[in-house]
Amino acid sequence: MTDEIQIKETKSNKNRDLVLSLLFDGIGMLTYLIPVLAEFTDLIWAPIAGLLLLRMYKGTVGTVGGIIVFIEELLPGLDFIPTFTLTWVYTYLIKKK
């Protein structure tokens, strides 16, 4: 019985993390809609995104991903990279194999 509960929790976490990853990547890309304020908003979003990714994905994956998303958001022109979603793909599809 506990195996069934763990499987349901894992599927629930997997789906929740995917939705949140897509949402956060979308927020990161929104700066393209505001050309003049884009770099300023990236200064605010970069540390928030780093902390969010760190909290969503525990351990080394979260730490490395948090650093990568922080740098990616600070550097101009890299907002199109879906770091949250790529971390989800690594965590739930690649790493699980």
Side-chain angles (χ1 to χ4, degrees):
M1 188 71 170
T2 58
D3 288 338
E4 289 177 27
I5 293 171
Q6 286 178 336
I7 290 170
K8 285 181 183 179
E9 286 179 5
T10 302
K11 285 183 181 181
S12 174
N13 290 343
K14 182 178 177 180
N15 293 336
R16 179 202 67 207
D17 288 349
L18 177 59
V19 169
L20 288 175
S21 292
L22 293 169
L23 174 69
F24 295 147
D25 281 333
I27 290 170
M29 292 178 193
L30 281 176
T31 59
Y32 283 123
L33 297 176
I34 314 166
V36 177
L37 298 175
E39 298 313 315
F40 176 72
T41 55
D42 280 345
L43 289 174
I44 296 168
W45 176 244
I48 294 170
L51 291 173
L52 286 170
L53 202 139
L54 180 66
R55 296 279 315 249
M56 282 178 65
Y57 301 98
K58 304 294 182 201
T60 305
V61 172
T63 302
V64 171
I67 292 168
I68 290 172
V69 76
F70 178 76
I71 293 169
E72 175 247 317
E73 290 294 337
L74 282 180
L75 294 175
L78 295 180
D79 291 348
F80 68 91
I81 300 172
T83 310
F84 281 92
T85 306
L86 291 173
T87 305
W88 182 89
V89 168
Y90 175 76
T91 301
Y92 291 105
L93 300 180
I94 295 172
K95 189 177 172 187
K96 293 292 181 185
K97 290 185 180 181

Can you hop from [X] to [Y] via hydrophobic side chains spaced under 4.5 Å?
{"X": "Val19", "Y": "Leu30", "result": "no"}
{"X": "Leu51", "Y": "Trp45", "result": "no"}
{"X": "Ile68", "Y": "Ile27", "result": "no"}
{"X": "Val69", "Y": "Ile44", "result": "yes"}
{"X": "Leu93", "Y": "Val64", "result": "no"}

Starting at [atom1] of [X], measure out to [atom2] of [Y] and round the result to the nearest 0.5 Å.
{"X": "Thr41", "Y": "Asp79", "atom1": "OG1", "atom2": "CG", "result": "7.5 Å"}
{"X": "Leu43", "Y": "Ile48", "atom1": "CG", "atom2": "CD1", "result": "11.0 Å"}
{"X": "Leu86", "Y": "Asp25", "atom1": "CG", "atom2": "CG", "result": "7.5 Å"}
{"X": "Leu54", "Y": "Thr87", "atom1": "CG", "atom2": "OG1", "result": "11.0 Å"}

**Report entry** Members sharing Met29's hydrophobic cluster (side chains within less than 4.5 Å)
**Finding:**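 ILVMFWY cluster around Met29 holds nothing else.
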
Query raised in the report: Who are the side-chain contact (heavy atoms from CB on, under 4.5 Å) partners of Asp17, not counting sequence neighbours?
Result: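 side-chain contact (heavy atoms from CB on, under 4.5 Å) check on Asp17 returns Met56, Tyr57, Trp88, Tyr92.
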
Requested in this report: Check side-chain contact (heavy atoms from CB on, under 4.5 Å) between Tyr90 and all other residues, then give those that pass, not counting sequence neighbours.
Outcome: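 Listed in chain order: Val61, Ile94, Lys95.
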
Report task. Could I get the full list of ring-ring contact (aromatic ring centres under 6.0 Å, His included) partners for Phe70, not counting sequence neighbours? Result ->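 Scan of Phe70 (ring-ring contact (aromatic ring centres under 6.0 Å, His included), adjacent residues dropped) gives none.
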
Query - Residues Asp42, Leu74; criterion side-chain contact (heavy atoms from CB on, under 4.5 Å); working and verdict - result: CA-CA 6 Å; Asp42 280 345; Leu74 282 180; 5.7 Å; no

Report task. If a pair satisfies ring-ring contact (aromatic ring centres under 6.0 Å, His included) and one of its residues is in residues 11-31, list it, with sequence neighbours excluded. Result ->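 Passing the test, one end in residues 11-31: Phe24-Phe84.
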
Requested in this report: Among residues two or more places apart or on two chains, list those pairs meeting side-chain hydrogen bond (donor to acceptor under 3.5 Å, both in side chains) that have a residue in residues 58-78.
Outcome: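 Matches after skipping sequence neighbours: Glu72-Thr83.
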
